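I'd like to ask some things about the structure below.
Below, chain A is the first sequence line, B the second, and so on; all start at residue 1. Because only heavy atoms are used, hydrogens play no part in the values below, and waters and symmetry mates are left out as well, while side chains stay in. No experiment lies behind these values; they were computed from the predicted model shown.
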Amino acid sequence: MSADRAAPGDRGEPGDGVPDRAAPAGPGADEPDDAYEDFYRRRSQALLRYGYVLAGNPHDAADLVQEAFARLRVSWRRVRRRTDPEAYVRTTMVRLHISRWRRLRRERVVAEPPEPVEEDVALRRVADDRGLWAQLAVLPPRQRAVLVLRYHDDRSDDEIADILGVARVTVRTQAHRALAKLRAAWAPAAEPQKVVEGR
Amino acid sequence: MSDLLERDLIRTLRRHGDVTIEVPAGMWERIEGRVRRRRRTRRAALSGGLALAVLAVLAVLVGGWQLARPAARDRGLPPATVVATPTPARIVAPIAPPATPTVRSVQRTWPAAIERMPATAPGGAKVLPVGVLGADQLLVAESGGGERTSALLRYDLRNETFSAVADLAPVGRLSGYFPQGFATDDRTVAWNAEGTDARGRKVTEFVAADLAGGHERLLATVPGELGITELNLVDHRWLVYTGTDGVRRIPLSGNGASEPVPGGRGLHLTSWPWASNLTDPGGSRHAVVSTNLVTGARRTFSAAGMWTRDCVPDWCIGNLRDRATLLGPEPVGRTVSAPRYLVASGRFGGGRFVDAMYGDRNVLWDIKTGRLAGYDARSTVLLNHETCLVAWPDPANRDSLLVFDGAAVR
């Protein structure tokens, strides 16, 4: 399970699934309450990290998070009643990421200044990935999203198909293509390293 | 069961997912801002709805019936009246944005460069502009469901009519067909599309069609996938593109041969006849050498600490000491740096505009005048060295798109 995903007990009020009987009907019914701001405070950084894995750079990650939270805000009460807000935000981020309207812009937007990256100890720590992170950057957004959902979120192909709104066979095809591309440029270690995290 | 690659992938994703990324200062306010802007837009749309309905009825009565007329294949049309987009004028002395800019929308900044077009083709399919065919005509792609495009259309802004140009279907026997990029001149449109052949191999198909109408013709099929890549039509004779080993060309006569362009090995096509050693789409911290593949002339762009993103013949854009910076060629190596608030995404549009972020706003930096103009986050942006095209849903009419063409800015 990804460290980013909220533990069941950590979801608190936004995800408790209890119908909000106090929610007024009609206009303004989706106005946020304090729980929205609380949810933002608790989960925004984790979702930012998720956006970083999804998009590959902190600027697009912030853009995804902002857009997803903006959409959550206008649908807050409805989302609270029906589902887990974090799942809603994550799904929204994935769908935004693969949206063609956004994609055409994002493929031309590389807003990450390189200099801070070099100074960032945390990013330097993860640089030893035999080029996989760089290879992920050149995958089409849908293929990258499939890999993130499968290998970062531990989602099944059926779940991924639901999230992306495609057939299961499409998920498998996209994953196969993405792995083939990565494999073509991937240099395996001389000796397999001990793997702590298993799938 | 996972193999070594999958295990490496899991490790890589999780390590990057554990990286500490501070929540950007003001993100909460930016989210609130997005919500407020959308509410204003909704209110404006609702209040203008009645007036728009009346206007729509009048427009149909007066002559808007053409919008609903089914698209006709171009074969019966007269020869092409398409005017080639003029080559962008060179910017000799770029101007940095002011320290405290006033950022208005592109509509308000350059109203004469804004056009309105239907968001759907007569058949009901969504359309996206993918090129400029002249002052009065756009090349648009019709959505075939999901992210696929199914046809190319020409939209006449003055007559408000669509006409069909080409079907975006595989000419060869390919499955999983996905058109990627388009190139046009005054006669032809060409594109590259990825697919899988009968043997299960990934291939890229290059196809061309006459803008005046006619059959799509297969120019060549090459192994591998290129994705969205720079394509240029040259002298009505060649389609030039960046292949896996450098700049290559395919004759428009359609003999199926792809050959390397002399002097272009290992280079990346920027805009014909220029190619450079800047092959990584993420940029490079090394000196960039642009080469004119016709004359052999070379220009070197180099500044210590510069991370270069993109280059047009006279300037490179990148980041120097945390500031978006334009860098001129040696020996002078002039630099023009924007104030710190501006984060350049690193792409030129039409040789005159630089795509950038100002706070949470998407902006275009006009390097000729130093002006910044914002565009909607939902916009489709087509930026290359010939074109700067931004299209977004018309807030006043959801059936329309507003289109900004940088070439129309005077």
Side-chain angles (χ1 to χ4, degrees), chain A residues 2-4 40 44-45 48-50 52-53 58-59 61-63 65-67 69-70 73-74 98 100-105 107-111 113-116 122-123 125-126 129-130 132-133 136-138 140 142 147-148 151-152 166 173 177 179 182-183 186 188-189 192 195 197-199, chain B residues 2 4-24 27-28 30-35 38-39 128 143 146-147 176 202 225 227-228 281-283 285 305 307 309 319 321-322 343-347 349 355-357 360 362 377-384:
Chain A
S2 165
D4 273 355
Y40 170 82
S44 55
Q45 188 174 58
L48 201 57
R49 291 201 299 269
Y50 186 64
Y52 180 62
V53 173
H59 299 283
D63 188 43
V65 170
Q66 288 173 36
E67 183 62 27
F69 266 98
R73 170 156 176 171
V74 296
I98 64 173
R100 181 175 180 85
W101 284 89
R102 282 177 49 85
R103 196 186 73 171
L104 285 172
R105 174 171 72 83
E107 282 181 345
R108 292 159 178 81
V109 174
V110 187
E115 288 78 7
L123 289 178
R125 178 171 61 82
V126 300
D129 59 15
R130 286 185 281 281
L132 271 182
W133 185 250
L136 282 166
V138 299
R142 187 186 291 270
L147 293 189
V148 169
Y151 296 108
H152 181 266
V166 299
T173 304
R177 289 176 181 172
L179 289 172
L182 293 180
R183 204 179 302 278
W186 173 65
V195 177
E197 313 96 319
R199 278 195 71 224
Chain B
S2 59
L4 285 176
L5 170 65
E6 289 175 295
R7 292 177 182 182
D8 256 4
L9 185 56
I10 292 167
R11 188 183 302 113
T12 298
L13 289 171
R14 290 187 179 169
R15 281 178 178 172
H16 282 82
D18 288 340
V19 166
T20 301
I21 300 175
E22 291 301 323
V23 176
M27 190 160 87
W28 172 262
R30 283 196 281 274
I31 292 169
E32 295 287 302
R34 287 186 189 210
V35 174
R38 253 162 237 178
R39 282 181 178 154
L128 283 176
S143 169
E147 298 178 5
K202 298 290 180 190
E225 296 174 316
I228 294 177
R285 63 176 64 256
W307 182 275
R309 303 286 198 188
N319 284 284
R321 290 184 283 278
D322 286 339
V343 179
S345 65
R347 286 285 174 174
D355 194 32
M357 297 289 289
D360 71 335
N362 301 286
R378 295 166 295 169
S379 300
T380 294
V381 181
L382 181 70
L383 290 180
N384 57 45

- Quick one: CE on B:M27 to OH on A:Y40, what's the gap to the nearest 0.5 Å? 3.5 Å

- Spatial distance of atom CD1 (B:I10) from atom CG (A:L132) [nearest 0.5 Å]: 11.5 Å

- Donor-acceptor contact below 3.5 Å, side chain A:R49 vs main chain B:G17: yes

- For a side chain to side chain donor-acceptor pair (under 3.5 Å) with A:Y151, tell me which candidate from B:R7, B:E6, B:R11 qualifies. B:E6

- Please flag which part of A:F69 lies under 4.5 Å from any non-hydrogen atom of chain B: side chain, backbone, both or neither. both

- Side chain from CB out, backbone as N, CA, C, O: work out which of these in A:L136 comes under 4.5 Å of a heavy atom of chain B, or both, or neither. side chain

- Per-residue tally against chain B (heavy atom, under 4.5 Å) across A:L179, A:V148, A:V166 peaks at A:L179

